Amino acid sequence: MIPQAAARPFLLRDPEHFRIEFEINPWMATGSQPSPDLARAEWEALGAALRGAGGVVHTAPSDPDWPDMVFPTDTAVVSGGRFLRSRFSRPERGGEAQLAAEWLTGNGWQEIPTAGWDEAASLEGGDVLAFGERLLAGHGMRSTVQAHAGLAAAFGREVVPVRLVDPRFYHLDMSVCPLDDRRALVFPGAWDAESRRRLLELVPEPLVVTEQEAMTFCVNSVVIGTSVVMSACPARIGRQLEAWGFEPVVTPIDQFTKGGGGIRCMTLDLDLLAQGVPAVRQ
Ligand code: ARG
């Protein structure tokens with residue numbers, strides 16, 4: 001029997017209805033549509049790479065009304081069998097939170113109520129990462145600081161705010177990728193000065209990526225044990241990861257970067273705070 005707590009479960013949404021129907025981040029252009037065949041092949045390969053690294057991959061259909069649904073990370077924050085549904089800042093994605101909540105409750109997760117949350121609170125899952133015992137939470141582009149108290153209360157963890165200032169890196173998961181409780185890939189150019197100070201103090205061994213490296217979406221990766229599932233791995237980053245004992249697993253998802261999302265955006269972590277738990281191969 002594999003203990004559930006040691007498994008690293010993820011949810012991927014089928015790419016069937018993925019299209020660029022609006023432009024809500026600087027990467028999206030309605031004139032540049034994904035190829036459905038290539039998108040499906042990349043999505044299948046991503047699932048295989050996650051499984052190969054020891055992840056447990058759940059898949060679910062997407063809905064034609066919500067063409068960004070292939071980025072389910074933004075729809076909820078999930079950990080310990082419970083979840084907070086997102087409060088999207090963009091109406092173009094608003095309905096995805098309800099669809100995520102339906103899938104999660106239908107599969108045994110319990111919803112954490114948000115009654116009493118500030119009206120001004122928005123929260124998108126791409127802004128929430130676990131680093132050691134803490135949650136890191138981006139704000140300033142999509143999520144708002146008003147969500148942080150509720151987020152901390154929901155999971156009983158300290159929330160470290162990170163103010164995002166570069167519209168190209170509009171979710172925190174595009175500028176931070178925790179590797180373990182000491183190390184993380186970081187692109188500090190995406191944060192304001194105070195957040196830089198705070199985060200660089202918090203991460204004892206940061207792997208600071210350049211703007212050019214960050215533009216490859218290499219930070220928007222998924223870590224399973226010592227595997228780092230990435231859409232691109234600049235050589236310098238790969239060397240440092242390997243020196244630290246991590247293995248880059250590269251699986252391109254070029255069709256999805258047309259939507260401004262990378263591998264972490266496509267992969268809803270179903271147990272966010274368990275990230276430090278070693279993966280069990282099945
Ligand atoms: N088109 C999507 C949006 O703009 C991409 C989501 C990327 N998600 C992420 N976690 N960075 O909302």
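All ligand and atom numbering here is 1-based and tracks the order in the structure. Everything numeric in this text was worked out from a predicted model, so none of it was measured. Just so you know, residue 1 is the first one in the sequence shown, and it goes up from there.
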Candidate with minimal heavy-atom separation from atom 4 (O) of ligand 1, of M28, E23, R142, K258: R142
Please determine whether any non-hydrogen atom of W27 lies less than 4.0 Å from an atom of ligand 1. no
Taking T216 for the side chain and C218 for the main chain, is one N or O donor matched with an acceptor at less than 3.5 Å? yes
Distance under 4.0 Å to a non-hydrogen atom of I24: what atoms of ligand 1 satisfy this? 3 (C), 4 (O), 12 (O)
One thing to verify: whether R19 and E21 come together as a salt bridge, which I'm taking to mean a side-chain N less than 4.0 angstrom from a carboxylate O. yes
I need the contact type for R93 against ligand 1. Using non-hydrogen atoms and a strict under-4.0 Å cut-off, is it side chain, backbone, both or neither? side chain
Give the residue, atom name and distance (to 0.1 Å) of the protein heavy atom nearest atom 2 (C) of ligand 1. D68 OD2, 3.1 Å
Examine T73 against ligand 1 and note whether any of their N/O atoms are separated by less than 3.5 Å. no
What atoms of ligand 1 come within less than 4.0 Å of a heavy atom belonging to G259? 1 (N), 2 (C), 5 (C)
For atom 9 (C) of ligand 1, what is the closest protein heavy atom, and at what distance to 0.1 Å? C265 SG, 2.7 Å
For S35 and Q255, does a side-chain donor sit closer than 3.5 Å to a side-chain acceptor? no
Would E124 count as a polar contact of ligand 1, with the cut-off being nitrogen or oxygen pairs under 3.5 Å? no
Looking only at atom types and distance, does a side-chain atom of N25 sit under 3.5 Å from a main-chain N or O of P167, one as donor and one as acceptor? no
Should D269 and R8 be marked as a salt bridge (charged side-chain N to carboxylate O under 4.0 Å, His left out) after you check the CA-CA gap, both sets of side-chain angles, and the distance that decides it? CA-CA 8 Å; D269 190 328; R8 297 284 293 119; 3.0 Å; yes
For atom 5 (C) of ligand 1, what's the nearest protein heavy atom and its distance? Y170 OH, 3.3 Å
Going by the order shown, which atoms of ligand 1 are within less than 4.0 Å of some heavy atom of G126? 10 (N)
Check whether W27 reaches the backbone of R168 with its side chain - one donor and one acceptor, N or O, closer than 3.5 Å. yes
For R142, does its backbone N or O pair with a side-chain atom of S122 as donor and acceptor, under 3.5 Å? yes
Students should be able to answer this: which protein heavy-atom is nearest to atom 8 (N) of ligand 1, and at what distance? D74 OD2, 2.8 Å
Would you say that H139 contacts T144 through its side chain, given a criterion of any heavy-atom pair below 4.5 Å between the two side chains? no
